[in-house]
Amino acid sequence: METLAKVLPHVNASLNGLATLLLVTGWCLIKRRREIAHRKVMLAAFGVSVAFLASYLLYHFGAKAGASTPFPQYPPIAIRYGYYAMLLSHILLAMTVPVLAVGTIYHGLKDHRRSHRAWARWTFPIWLYVSVTGVLVYVLLYQIYPPQ
C-alpha cells in the first residue's frame, strides 16, 4: 500500500489534467455544433472524473488510511495562504461537481436542450475550475514545495 500511496497523487493529477483537456475539447466541439463528438468527449470527461474520484478515495481511505499530505511551512506566508484559499475553494466546489455533472448529462442524454444548457452554464465553469485547481494543488504540494 505504501507504493500505491506514493504513485496515486501523480495518477490523480494526471486524471485531473486529462479531465481539463476533455472539458475544453467538449466546449470547443459544442461551439462548432458538433453535438455527437461533444457528447462522446463530455462522457469521456465524466468517466475520467469518476476514475479520479475512485483513485482519490483509494488514496485517502485505503493507501493512506485517512491521512493527507500537509502543505509545508517553508514557503512564504503569502504562498501558504494562497494555497489554502485555493484548496478550500477546490474542495467546496468539488463536492458539487458529481451532482452538477450527473444533472447536466441526464438532460443532455434526454435531449432536454434548454435544461441541459441551463445546467451546463453552472457545471462547466465549476468542473473546469475544480480540474485545473486539482492540478495546481498537486504542482504546489508535490513539485514546487514538496515535503522535506
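Nothing here was measured: the structure is a model prediction, and the numbers come from that model.
- Counting all heavy atoms, side chain and backbone alike, A45 lies closest to L23 at CB-CD2, 4.1 Å.
- The shortest distance between side-chain heavy atoms of L29 and R39 does not fall below 4.5 Å.
- A distance-only check finds a donor-acceptor pair linking the side chain of T25 to the backbone of L21 [under 3.5 Å].
- Here OG1 of T133 is found 15.5 Å from OH of Y138. Values are rounded to the nearest 0.5 Å.
- With values rounded to the nearest 0.5 angstrom, N12 atom CG is found 8.5 Å from Y142 atom OH.
- Distance check, rounded to the nearest 0.5 Å: CG of L92 to CD1 of I126 gives 11.5 Å.
- Nearest heavy-atom pair across S55 and L15 is CB-CD1, 4.4 Å.
- By the 30° and 60° cut-offs, the orientation of the rings of Y83 relative to F71 is parallel.
- Under the 4.5 Å side-chain criterion, counting only non-hydrogen atoms from C-beta, H116 is not in contact with I105.
- For the pair H90 (side chain) and V130 (backbone), a donor-acceptor distance under 3.5 Å is present.
- Relative orientation of the W27 and F124 rings is parallel, given thresholds of 30° and 60° on the angle between their planes.
- Under a hydrophobic clustering in which Ile, Leu, Val, Met, Phe, Trp and Tyr are joined whenever their side-chain heavy atoms come within less than 4.5 Å, directly or via other members, L87 and Y81 fall into different clusters.
- Here the straight-line distance linking atom CG of L4 with atom CG of L58 works out to 5.0 Å at 0.5 Å rounding.
- Here the side chains of M42 and T104 are not in contact, with every heavy-atom distance at 4.5 Å or above.
- Looking at every heavy atom in both residues, A5 comes nearest to Y59 through O-CE1, 3.1 Å.
- Using a 4.5 Å cut-off between side-chain heavy atoms of Ile, Leu, Val, Met, Phe, Trp and Tyr, with links allowed through other members, L22 and I30 fall into different hydrophobic clusters.
- Between E35 and R113 there is a salt bridge, since a side-chain N of the basic residue sits under 4.0 Å from a carboxylate O of the acidic one.
- With hydrophobic clusters built from ILVMFWY side chains whose heavy atoms lie under 4.5 angstrom apart, Y74 shares a cluster with I144.
- For L88, the CG atom counts as densely surrounded, since its 6.0 Å shell holds more than 12 non-hydrogen atoms of other residues, nucleotides or ligands.
- For P72 against L141, the heavy-atom pair with the smallest separation is CD-CD1, 4.2 Å.
- Looking at R33 and H38, their side chains never come closer than 4.5 Å, going by heavy atoms from C-beta outward.
- Of all non-hydrogen atoms in T20 and S131, the two that sit nearest each other are OG1-CB, 3.1 Å.
- Atoms CZ and OG1, from R117 and T123 in turn, are 14.0 Å apart once rounded to the nearest 0.5 Å.
- Criterion: ILVMFWY side-chain heavy atoms under 4.5 Å apart, direct or through other members. Under it, L57 and L8 are part of a common hydrophobic cluster.
- V48 and V102 end up in the same hydrophobic cluster when Ile, Leu, Val, Met, Phe, Trp and Tyr side chains are linked at under 4.5 Å.
- Side-chain atoms of S89 come within 3.5 Å of backbone atoms of M86 as a donor-acceptor pair (strictly under, hydrogens ignored).
- Put simply, the side chain of L128 does not reach to within 4.5 Å of the side chain of P125, judged on heavy atoms.
- Closest non-hydrogen pair, S49 versus W127, comes out as OG-NE1, 3.1 Å.
- With rounding to the nearest 0.5 Å, the separation of NZ in K40 from CZ in R34 is 10.0 Å.
- Within the 4.5 Å cutoff, no side-chain heavy atoms of V11 are placed close to those of F52.
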